[in-house]
Amino acid sequence: ILFSVRYPEHAGSPMSFSSETEALFTALQHSAKPKVASAIRQHVQDAPDRDLCRINVLAFAAKHGFNEEDVIAAFLHAARLGIFELAWNVLCPGCGGVLETGASLKTVDRSQYACALCAAGYTATLDEMVEVTFTVSPRVRGIAAHDPHSLSIPEYFRQVFWSSGVDLPDDAKFHKLLESIVLDAFELPAGEKAILSLQLPAAFVILFDPVVHMSQFIDVRGEPTRERQSLSFVLTKNSAPVGALEMRPGPLRISLDNRTNVRTLPSIWIAGEELHHLLGNRRPFLTAKRLLTNQIFRDIYRTDTLDIDQRLKITSLTFLFTDLKGSTELYDRVGDLVAFDLVQKHFSILNEIVAAEAGAVVKTIGDAVMATFSTPDRAVAAALRMRAAMHDLDQDLMVKIGIHEGPCLAVVLNDRQDYFGQTVNIAARVQGLADSSSILATGPVVANHEASELLKTTGIAPLSQEHLLRGVGDRVMVYTIP
């Protein structure tokens, strides 16, 4: 079966939902922002199959002009209701290919992942190497990708192999591009063999299969030859990486042997500028790190995120710790009942602010709160709002805040998804330095461009001072945000 492009079928007249599915969308209207819920319903009803496989929620938000956090929340609620299936995809940062996918973050259980197309290995981090996508559930609407082995070769690459962060061109451009960089491609049923014959150009060529993630690199150089060259390519699910072969421009006969129980799609690519340009076009996508710092996600999934022995790396996460100053004196001053109500109201306000700034409360310890944010600027914005809100609640109610950014591990502690590492320790120690209603932040926080711009627009100039923190070897520069 020679390489060809079969365009995906688009929905014709709007499909009608079953009463069960209508009930799900009605429930979504009550759980999410109504306009976002309506747009999701319309999308599921009218979009072509391709656009309902591994939906990039950030691209969906941009297309419709919605707030990203509102869209993330709506898709999370829709997944909870069973409208979508949520997937965690481990990505190759080089080509944007999906190396492994699972229904839970618990499936990200290897220290190293290898990409056959790039011939490179990577340590999985939750920042940019694990994406979260949403595919419509078969019980809501059946789409071609529910049976990925029925997809054409181009659609398999588009919908299954490449991640939602690869910004692929429209059909016409994609077809034209594939014609120029793919020498040949083949649909090889399970257990079958085939022969491919082609002319090798003077270029670096990759024989690659996206189903079992196997590759053979061929460096085609030297004088052209008329003699037929031969290559055997045995497709298995547990293949070891091989080095590059040297061949000469001219005829090549490839013997293909599919020893798996699935259809494979071996294809021969010219690894030139056009392929690099195709793979280099990227767009933002929902990362695992961002989802873990989403309050709605934590509320819905709670402990069902990581296994107890998992340790997943995050390159950069911002931690915010708070604590009430003088809570004991507050109980003496206003009495137990009033003080208790004030403290509970304080927790409610802090939770609302954290969620509004796209963060998540990890836990509370006494009168203290530990929260996480994807970026430092969100944490700084939250801290400023917290301080103002506490002043409005009770002028004598003062919250001490410490912020730090850095690498950490996502873990399970005390039956909850938590974080571990020196970054967490430093953030807690910095909060311990705070006095009255001060906000203290470390250098990485105030040096963040967006955080710095935020402070400038509010007319705040941080004041620096070095401190020796318990458990930290070097002195740390701490900034007071007055």
Side-chain donor-acceptor pairs of residues 79-89 under 3.5 Å, sequence neighbours excluded:
from : atom 1 : to   : atom 2 : distance (Å)
R80  : NH2    : S31  : OG     : 3.1
R80  : NH2    : H77  : ND1    : 3.2
N89  : OD1    : T101 : OG1    : 2.5
N89  : ND2    : E131 : OE2    : 2.9
N89  : ND2    : T133 : OG1    : 3.1

*Distance-only donor-acceptor check, side chains S374 and T293, under 3.5 Å*: yes
_What I'd like to find out is whether the side chain of V140 reaches to under 4.5 Å of the side chain of L24, using heavy atoms alone._
yes
*Indicate the ring-plane relationship of F161 and H213, choosing parallel, tilted or perpendicular according to the 30° and 60° boundaries.*
tilted
*Would a 4.5 Å heavy-atom cut-off, applied to side chains only, mark E357 and M386 as touching?*
no
_For a 4.5 angstrom cut-off between non-hydrogen side-chain atoms, does D51 reach H43?_
yes
*Sequence-distant partners of D377, salt bridge (Lys or Arg N to Asp or Glu O under 4.0 Å), two or more places apart*: none
*Name of the residue among H146, Q159, R141 meeting side chain to side chain donor-acceptor pair (under 3.5 Å) with D49*: R141
*Please determine if E274 and K176 form a salt bridge, counting it only when a charged side-chain N lies under 4.0 Å from a carboxylate O.*
no
*Is there a side-chain contact between K173 and D170, using heavy atoms and a 4.5 Å cut-off?*
yes
*What's the shortest heavy-atom distance between F66 and A39, and which atoms?*
CE1-CB, 3.6 Å
*Consider only side-chain N and O atoms of N261 and K237, and report whether a donor and an acceptor are under 3.5 Å apart.*
yes
_I'd like to check the ring-ring contact (aromatic ring centres under 6.0 Å, His included) partners of F25; sequence neighbours left out, ordered by chain and number._
F17
*Compare all side-chain heavy atoms of P407 with those of T315 and state whether any distance is below 4.5 angstrom.*
no
*Are K106 and D309 ion-paired here, with the side-chain N under 4.0 Å from a carboxylate O?*
no
What side-chain donor-acceptor pairs closer than 3.5 Å can you find for residues 194-209, not counting sequence neighbours?
from : atom 1 : to   : atom 2 : distance (Å)
D209 : OD1    : L265 : N      : 2.5
D209 : OD2    : V211 : N      : 3.0
D209 : OD2    : V212 : N      : 2.8

*Determine, using ring centers only, whether F157 and W269 are less than 6.0 Å apart.*
yes
*Chi angles and distances behind the salt bridge (Lys or Arg N to Asp or Glu O under 4.0 Å) call for D171, R158*: CA-CA 10 Å; D171 283 328; R158 184 189 281 275; 3.8 Å; yes
*Would you check if the side chain of E187 reaches a backbone N or O of P266 as a donor-acceptor pair within less than 3.5 Å?*
no
*Pairwise side-chain contact, S215 with L117, heavy-atom cut-off 4.5 Å (strictly under)*: no
*asked:* For the residue pair T107 / E100, report whether a side-chain donor-acceptor contact shorter than 3.5 Å exists.
replied: no
*If you measure from CG on D46 to CZ on R41, what distance do you get to the nearest 0.5 Å?*
9.0 Å
_Give me each pair satisfying salt bridge (Lys or Arg N to Asp or Glu O under 4.0 Å) with a member in residues 120-130, each pair once, sequence neighbours excluded._
D127-K289
*In Å and rounded to the nearest 0.5 Å, what is the CD1 to CG distance from I218 to L231?*
5.0 Å
*Within a strict 4.5 Å, meaning less than it, do heavy atoms of the L76 and N294 side chains meet?*
yes
*Counting N and O atoms only, with roles assigned by atom type, does the side chain of R263 sit under 3.5 Å from a partner on the main chain of H149, one being a donor and the other an acceptor?*
yes
*Hey, could you give me the CG/CG distance between L413 and L306, rounded to the nearest 0.5 Å?*
10.0 Å
*What is the minimum heavy-atom distance between A144 and S150, and which atoms define it?*
O-OG, 3.6 Å
*Taking only residues at least two apart or on different chains, which pairs with a member in residues 403-424 satisfy ring-ring contact (aromatic ring centres under 6.0 Å, His included)?*
F319-Y419
*After noting the C-alpha distance and the side-chain angles of E192 and R259, does the key distance pass the salt bridge (Lys or Arg N to Asp or Glu O under 4.0 Å) rule?*
CA-CA 7 Å; E192 297 204 6; R259 296 183 184 176; over 6 Å; no
*How about F75 and F134: are their ring centres within less than 6.0 Å of each other?*
yes
_Working note: T423 + E405, criterion side-chain hydrogen bond (donor to acceptor under 3.5 Å, both in side chains); need CA distance, chi angles, decisive distance, verdict._
CA-CA 7 Å; T423 298; E405 175 271 337; over 6 Å; no
*asked:* Determine whether D219 and R221 satisfy the following criterion, salt bridge (Lys or Arg N to Asp or Glu O under 4.0 Å), listing intermediate values before the conclusion.
replied: CA-CA 6 Å; D219 190 3; R221 60 171 67 190; 2.6 Å; yes
*Would you mind reporting whether D167 and R282 have side-chain heavy atoms less than 4.5 Å apart?*
no
